Colleague: 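Below is the structure I would like to discuss, written out as structure tokens.
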Amino acid sequence: MHSMKVEDFMRRRPVVFTEDLPIEVAVERLLQSHQRGGPVVDANRKVIGFLSEQDCLAAMLRDTYHKEISANVGDCMYRGEVLSVFADDSITDIAQRMDAKKPKVYPVLDDATKQLVGVITRTDVLGAIDQYFQDSYRRR
């Protein structure tokens with residue numbers, strides 16, 4: 001199972017945000033994709049932050065309270081170090097990092113360029129492990 005790589009199970013076309021995107025557009029993208037959050041990137045596809053459903057909810061509640069919608073992703077996103085993984089990381093290594101206190105969505109970076117190439121979710125990792133066990137069962 002250690003030979004299973006993130007690149008084989010990641011989402012190559014994830015929902016991605018920019019700082020200047022209006023929050024209501026970001027929410028629509030999350031709702032349509034069923035993704036729980038996504039990386040915020042700069043013009044060079046470098047991850048500069050992360051926007052979660054929780055960030056969006058807080059911003060929309062605040063804007064509703066003030067009867068205006070004016071927030072952009074940059075006003076709401078997490079700006080600290082974003083926990084990311086690399087495309088050639090092992091699925092088992094990623095699974096071990098995904099405890100209850102960690103993100104549900106990890107940006108996947110190219111090892112050489114550090115540019116965003118996808119995302120991987122807990123659901124994707126669970127599916128990879130399940131596939132491994134299903135394949136192992138069939139080989140018996």
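On a predicted model such as this, the values are computed, not experimentally measured, just so you know.
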Colleague: Between E19 and R79, does any NZ, NE, NH1 or NH2 come within less than 4.0 Å of an OD or OE carboxylate oxygen?
Modeller: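 Salt bridge present between R79 and E19.
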Colleague: Is there a side-chain contact between S84 and V108 (heavy atoms, below 4.5 Å)?
Modeller: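 Answer no - side chains too far apart.
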Colleague: Looking at D89 and R97, does any basic side-chain N land under 4.0 Å from a carboxylate oxygen?
Modeller: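 The answer is yes: the pair qualifies as a salt bridge.
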Colleague: Would you say the side chain of F9 lies within less than 4.5 Å of the side chain of M4, judging by non-hydrogen atoms?
Modeller: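 In contact.
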Colleague: Using modelled atom types and a 3.5 Å cut-off, is there a donor and acceptor pairing between side-chain atoms of N72 and backbone atoms of G74?
Modeller: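 No, the answer is negative, given that no donor and acceptor are paired below the 3.5 Å cut-off.
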Colleague: Take R12 and V117 through the side-chain contact (heavy atoms from CB on, under 4.5 Å) test and state the conclusion after the steps.
Modeller: CA-CA 6 Å; R12 295 180 185 278; V117 294; over 6 Å; no
Colleague: Taking atom CD1 of I129 and atom CD1 of I94, what is their separation to the nearest 0.5 Å?
Modeller: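 Here the rounded value is 10.5 Å.
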Colleague: Could you give me the CA-CA distance, side-chain angles and deciding distance for D75 and I23, then say whether side-chain contact (heavy atoms from CB on, under 4.5 Å) is met?
Modeller: CA-CA 9 Å; D75 301 325; I23 198 68; over 6 Å; no
Colleague: Does CD in E81 sit with more than 12 non-hydrogen atoms of other residues, nucleotides or ligands closer than 6.0 Å?
Modeller: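 No, not enclosed.
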Colleague: What's the separation between atom CD1 in I91 and atom CG in D8, rounded to the nearest 0.5 Å?
Modeller: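 One gets 7.5 Å once the value is rounded to the nearest 0.5 Å.
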Colleague: Quick one: does Q35's side chain have a donor or acceptor within less than 3.5 Å of a partner on P14's backbone?
Modeller: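 Judged by distance alone, no pair lies under 3.5 Å.
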Colleague: If I take atom CD1 from residue I120 and atom OH from residue Y106, how far apart are they, to the nearest 0.5 angstrom?
Modeller: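 One gets 10.5 Å once the value is rounded to the nearest 0.5 Å.
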Colleague: Answer yes or no: is there a donor N or O on one side and an acceptor on the other, between the side chain of K46 and the main chain of L116, under 3.5 Å?
Modeller: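 No, K46 side chain to L116 backbone: no donor-acceptor pair under 3.5 Å.
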Colleague: Could you tell me whether the side chain of R122 reaches within less than 4.5 Å of the side chain of L126, counting heavy atoms only?
Modeller: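 Contact flag for L126/R122 side chains = no.
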Colleague: Kindly indicate whether the side chain of S52, heavy atoms from C-beta on, has any atom under 4.5 Å from the side chain of K104.
Modeller: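 SC-SC contact between S52 and K104 ruled out.
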Colleague: For the atom pair SG (C56) and CE (M77), what is the distance rounded to the nearest 0.5 Å?
Modeller: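 Interatomic distance, C56 SG to M77 CE, rounded to 0.5 Å: 12.5 Å.
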Colleague: Any side-chain heavy-atom pair from L21 and R29 closer than 4.5 angstrom?
Modeller: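 Side chain of L21 against side chain of R29, heavy atoms only: contact under 4.5 Å found.
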Colleague: Report whether V16 and I48 are members of the same hydrophobic cluster (ILVMFWY, side-chain heavy atoms less than 4.5 Å apart, transitive linking).
Modeller: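 Each belongs to a different hydrophobic cluster.
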Colleague: Using the rule given for side-chain contact (heavy atoms from CB on, under 4.5 Å), can you reason through V40 versus V47, listing the C-alpha separation, both sets of side-chain angles and the distance that settles it, and then say yes or no?
Modeller: CA-CA 6 Å; V40 181; V47 176; over 6 Å; no
Colleague: State plainly whether the residues R11 and D124 are in salt-bridge range, i.e. N to O under 4.0 Å.
Modeller: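 Salt bridge: yes.
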Colleague: Between V125 and M98, is the side-chain contact (heavy atoms from CB on, under 4.5 Å) condition met? List the steps.
Modeller: CA-CA 9 Å; V125 172; M98 291 183 153; 3.8 Å; yes
Colleague: Consider only side-chain heavy atoms of I, L, V, M, F, W and Y, link residues closer than 4.5 Å, and tell whether L83 and V85 are in one cluster.
Modeller: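 Yes, L83 connects to V85 through the hydrophobic network.
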Colleague: Between V105 and F50, is there a side-chain heavy-atom distance shorter than 4.5 Å?
Modeller: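 Answer yes - side chains close enough.
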Colleague: Under 4.5 Å between side-chain heavy atoms, hopping through other hydrophobics if needed: is there a path connecting V119 to V41?
Modeller: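 In one cluster: yes.
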Colleague: Just so I know, are the side chains of Q32 and E28 near enough to count as touching, which here means a heavy-atom distance under 4.5 Å?
Modeller: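 Yes - at least one pair of side-chain heavy atoms lies under 4.5 Å apart.
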Colleague: Work out which heavy atom in T18 is nearest to a heavy atom in V73; give both atom names and the distance.
Modeller: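 Heavy-atom minimum between the residues: O-CB, 3.3 Å.
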Colleague: Write down the atom of T92, the atom of S90, and the distance for their closest heavy-atom approach.
Modeller: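 Of all heavy-atom pairs spanning T92 and S90, the closest is OG1-OG, 2.7 Å.
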Colleague: What pair of heavy atoms forms the shortest contact from A71 to R62, and how long is it?
Modeller: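 That closest heavy-atom pairing would be CB-NH2, 4.1 Å.
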Colleague: Got a second to check how far E7's CD is from F86's CZ, nearest 0.5 Å?
Modeller: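 Here the rounded value is 13.0 Å.
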Colleague: Please round to the nearest 0.5 Å and tell me the distance separating atom CG of D55 and atom OH of Y78.
Modeller: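 One finds 10.5 Å between CG of D55 and OH of Y78.
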